[in-house]
Amino acid sequence: MESGPYDAKKVEDKIYKLWEDSGFFNPDNLPAPSASAKASAGRGKKPFTIIMPPANANGNLHAGHGLVMTIEDIMTRYKRMQGYKALWLPGLDHAGFETQVVYEKKLEKEGRSRFKMEPAELYQEILDFTLENKKNIESQIKKMGASADWSREKFTLDPDIVKTVYGTFERLFNDGLVYRGKKIINWCVKHQTSLSDLETKDTERVDKLYYLKYGPFVIATARPETKFGDKYVVMHPDDKRYAEYKDGQKLELEWINGPIEATVIKDDVIDMEFGTGAMTITPWHDGVDFELARRHDLPKEQIIDFFGKLLPVAGEFAGMKITEAREKIVEKLQSKGLVEKIEESYKHVVKTCYKCDSLIEPQVKEQWFLKMEPLAKPVLKLIESGKVEFLPEHYKKISLHWLENIVDWPLSRQIVWGIAIPAKFCTKCDFAIVDVEDKEITCPKCQSELKKDGDTFDTWFSSGQWPFATLGFPDGKDFQTFYPTDVMETAGEIIFFWVARMMMLGHYMTGELPFKTVYLHGLVLDAKGQKMSKSKGNVISPLEIIDTYGTDAFRIALVVGNTPGTSLALDVNKIKGYKNFANKIWNAAKFVMMNTEDYKAGAKPALSADQKKNIKELQGLVKDMTRDMDEFRFYIGAEKIYHYFWHTFCDKIIEESKADLADQKLRQGAQYMLLEILSTSLKLLHPFMPFITEEIYQSLPVEGKQACLMIETWPK
RNA sequence: GCGCGAUUAGCUCAGUGGUAGAGCAUUCCCUUGACGUGGGAAGGGCCGGGGGUUCGAAUCCCUCAUCGCGCACCA
């Protein structure tokens, strides 16, 4: 060991290489567990599997990734040391929409636009960008010390993954679960694609509420620019104010661009308390209206195009952006005497795109949808019967609630960056077929020409199949060995996006839930508990932290006191504290080595009562910590070994051993005890701080050492 | 509107029925041979309020308050 303080930079890359060269990241290369370990644990070579959440290959590793890599590496290293055939399968995600958004920003900066590019050209550019970032992220994951099996690495666009995704789509289609529907979807005008409900967020806004005269009625609306096509006026059947008007009654009235014929509809979705209790409907641009029109079999007409501009139905306003049109339309209505009043500050909530904050324009569009209820039902039962464990537990209720109220999932995205939907439509009769082999040319119904679907899948459709797709479903050897996996560890934020869908798609395809335990971590926030963001300038970059404090310090700082599901306020002072701890470990090891140069490994020397007591105390810690690790309480296990190592081993045991070492009768016992405690502590610390513990282990003068600490047996 | 969390030392958080804990921060002392990235000591909390169950409550139940989040509605 070198003198001076611990220098992570000199150690980490070297040690990572040692591990990679050892081949032990690959569970197939792990040595059979020693007879004693096997007997005591009774586990033999049972597999333990974690599938890494595929990291988005569109930027650098952030602190959240750091946490994922740390927690999953801790689990993997712990199980590996316990003799399990531990597989941690790494992966990267093309991250469809997310990556396209990142790339579009880049294009914007360069003064370019995706809309001026050929799709194939855009795809190629994003592919190059993604592959470049993929390499980058991979090396950054390695920097975190991830003991993942890189020989099994998967990318969401790998041909075998795409094949699996297509197979799933085809099966869903054949089972009648995937259907093509002309339904209302969330349309992002900026990104020119539809989005699922999960990809939108609610934003509170203060707008004007206009009270407009609509024949004998007054209707309240915040969006007068959508009202051109409104030919139906709806009220509650029990509303006494409108008792004289009958369902289906027709009325002639003056509207924005002239006289129209309107029809009265009675429906009990109407809230009599709101506005005047009467409203007109715009089925093409409003979910509730769409549903109402469907129930009453009313026609739907598009008013706003996909770029947010008014269509010819708006007459003189056609071609105008809705934002400019609104005031002008109101002016016209006022001049016609059709405005009763304007409420100035109407507080309401609007849907916005979760990426660009622009207003979502509901549109009716032909899309592929996935029927969710039949997929959710069996999973609901399995969750209820406790077939999957949630950490923290309350995510169970949250998942059940979501699954019970699930809505169909729009799968189509109008972006190039993604897995193409393997479907075709008839150019004449619009009949849709799934054509995975890409060989159908004519419509099976009318023999007309078929056209390829130009859309791509929602990226979560492919990542939702990740656990079984990565393992080579249906007949790969790994699938037989490692599926279902043990733990799914990911961010609580994506419980619906990802975890719930993996359970549904996994169960549908394989008949089994894809994992037994769901461990959900919270957000990594800055020291003040604020969300990290570039604009706030409070982003903690893992790479800079690693450079300054070392990976081990970063890792344990991420874990101590971080209970599952709870956000973590990450303070550099905390990391600094653990850097000091790394140094403490280094120096304690140095002390032990300096004082055991003449130690003769072999027969166990006689120990004094104090020496025995110290070893016994350590065994108590081992027992405690093993239970903490088994129950996923890494936050407390890490703290225990930290506290023990520093304040018991260093402050008390080492100090007291100095006298023993000077006494020839006690020296051998002291040496034995120090080495025993040090080597056991290194094992206990290894999952949290793999680099420094491995580095010390490599020069430890003990018998029966393994090639590396990584495959040592977890103490008993 | 419904639901889910949180509320414990200055800060960040552990602790689910048995005499309040950790880390950081603070104060004082120590130029001791592994380490000053260190050592020793100290101060600091009616565990959000109220009520209940219990021999005993930070912990279980009810209720209120504040903060955060999710879902639904939103003409």
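By convention in this document, chain letters (A, B, ...) are assigned in the order of the sequence lines, proteins followed by strands, and residues within each chain are numbered from 1.
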**Q** Rounded to whole angstrom, note down the P distance from rG43(B) over to rG36(B).
**A**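 About 28 Å, rounded to a whole number of Å.
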**Q** Quick one: list whatever passes ring pair (Phe, Tyr, Trp, His ring centres under 6.0 Å) with W187(A), sequence neighbours left out.
**A** F306(A)
**Q** What residues in residues 263-271 of chain A put a non-hydrogen atom under 4.0 Å from any atom of RNA chain B?
**A**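 Residues of residues 263-271 of chain A that come under 4.0 Å of RNA chain B are, in numerical order, I270(A), D271(A).
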**Q** Which base sits across from rU32(B) as a Watson-Crick or G-U pair, both distances under 3.5 Å?
**A** none
**Q** Centroid-to-centroid, F217(A) to Y245(A), below 6.0 Å?
**A**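 Yes, they do, as the ring centres are separated by less than 6.0 Å.
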**Q** Which nucleotide in the list rU37(B), rC24(B), rG5(B) gets nearest to the side chain of Y642(A)?
**A**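 Among rU37(B), rC24(B), rG5(B), the one nearest the side chain of Y642(A) is rC24(B).
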**Q** What's the closest nucleotide to the N583(A) side chain, out of rG39(B), rC35(B), rC71(B)?
**A**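 For N583(A), the side-chain atoms sit closest to rC35(B).
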**Q** Let's see if you can work this out: which of rA14(B), rC73(B), rA34(B) has an atom nearest to the side-chain heavy atoms of N587(A)?
**A**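 Between rA14(B), rC73(B), rA34(B), the one nearest the side chain of N587(A) would be rA34(B).
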**Q** Does K658(A) place a side-chain N or O at less than 4.0 Å from the phosphate oxygens OP1/OP2 of rA34(B)?
**A** yes
**Q** Roughly how far apart, to the nearest Å, are rG18(B) and rG50(B) at atom P?
**A**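 Taking atom P in both rG18(B) and rG50(B), they lie 22 Å apart.
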**Q** Assess whether atom CD of E327(A) is packed by more than 12 heavy atoms of other residues, nucleotides or ligands within 6.0 Å.
**A**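 Counting other residues, nucleotides and ligands, CD of E327(A) exceeds 12 neighbours.
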**Q** C650(A) has a side chain; which of rA14(B), rA34(B), rC73(B) sits nearest to it?
**A** rA34(B)
**Q** So is K300(A) actually on top of F290(A)'s ring, under 6.0 Å and inside 45° of the axis?
**A**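 That pair qualifies as a cation-pi contact.
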**Q** Tell me the partner of rC55(B), counting only Watson-Crick (N1-N3 plus N6-O4 or O6-N4) or G-U wobble (N1-O2 and O6-N3) with both under 3.5 Å; none if nothing fits.
**A**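 Looking at the geometry, rC55(B) pairs with rG18(B).
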**Q** Is S399(A) close enough to rG70(B) that one of its side-chain N or O atoms is under 4.0 Å from OP1 or OP2 there?
**A** no
**Q** Nearest to the side chain of F496(A) - rG70(B), rA34(B), rG38(B)?
**A** rG70(B)
**Q** Can you tell me which nucleotide in rC13(B), rG15(B), rU37(B) comes closest to the side chain of A569(A)?
**A**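 Output: rC13(B).
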**Q** For the residue pair K341(A) and Y211(A), would you count it as a cation-pi contact if the rule is NZ or CZ under 6.0 angstrom from the ring centre and within 45 degrees of the ring axis?
**A** yes
**Q** Send over the distance from D7(A) CG to rU37(B) C1', rounded to a whole Å.
**A**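 Rounded to whole Å, this separation is 13 Å.
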**Q** Of the nucleotides rG39(B), rA14(B), rU37(B), which has the atom closest to the P5(A) side chain?
**A**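 Looking only at heavy atoms from C-beta outward on P5(A), the closest nucleotide is rU37(B).
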**Q** If I pick the C1' atom on rA14(B) and the same atom on rU59(B), what distance separates them, to the nearest angstrom?
**A** 13 Å
**Q** Sort out the partner of rC47(B) for me: Watson-Crick or G-U wobble, both distances under 3.5 Å, none otherwise.
**A**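 Result: none.
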**Q** So V288(A), base contact, sugar-phosphate only, or nothing? Heavy-atom distance under 4.0 Å.
**A** sugar-phosphate
**Q** Determine the contact category for N405(A): base if any of its heavy atoms lies under 4.0 Å from a base atom, sugar-phosphate if only primed atoms, P, OP1 or OP2 are that close, otherwise nothing.
**A** nothing
**Q** For rG5(B), does either OP1 or OP2 sit under 4.0 Å from a side-chain N or O belonging to K397(A)?
**A**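 The answer is yes; a side-chain N or O of K397(A) sits under 4.0 Å from OP1 or OP2.
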**Q** Quick one: look up who rC69(B) pairs with, Watson-Crick or G-U, both distances under 3.5 Å, and put none if it's unpaired.
**A** rG3(B)
**Q** Counting only side-chain nitrogens and oxygens, does K584(A) get under 4.0 Å of the OP1 or OP2 atom of rG39(B)?
**A** yes
**Q** Kindly say whether the aromatic ring centers of Y578(A) and Y642(A) come within a distance under 6.0 Å.
**A** yes
**Q** Measure across L682(A) and Y697(A) and return the closest heavy-atom pair with its distance rounded to 0.1 Å.
**A** CD1-N, 4.2 Å
**Q** Would you say rG23(B) has OP1 or OP2 under 4.0 Å from some side-chain N or O of H647(A)?
**A** yes
**Q** Is N580(A) close enough to rG38(B) that one of its side-chain N or O atoms is under 4.0 Å from OP1 or OP2 there?
**A** yes
**Q** H643(A) side chain: which of rA34(B), rG15(B), rG23(B) is closest?
**A** rG23(B)
**Q** Is W646(A) near enough to rG38(B) that one of its side-chain N or O atoms lies under 4.0 angstrom from OP1 or OP2?
**A** no
**Q** May I have the step-by-step check of side-chain contact (heavy atoms from CB on, under 4.5 Å) for I383(A) and L403(A), ending in yes or no?
**A** CA-CA 10 Å; I383(A) 294 176; L403(A) 287 166; 3.6 Å; yes
**Q** Taking W255(A)'s backbone N and O only, do any of them form a donor-acceptor pair with K336(A)'s side chain (distance below 3.5 Å, no angle check)?
**A** yes
**Q** rU37(B), OP1 or OP2 - any side-chain N/O from Y578(A) closer than 4.0 Å?
**A** no
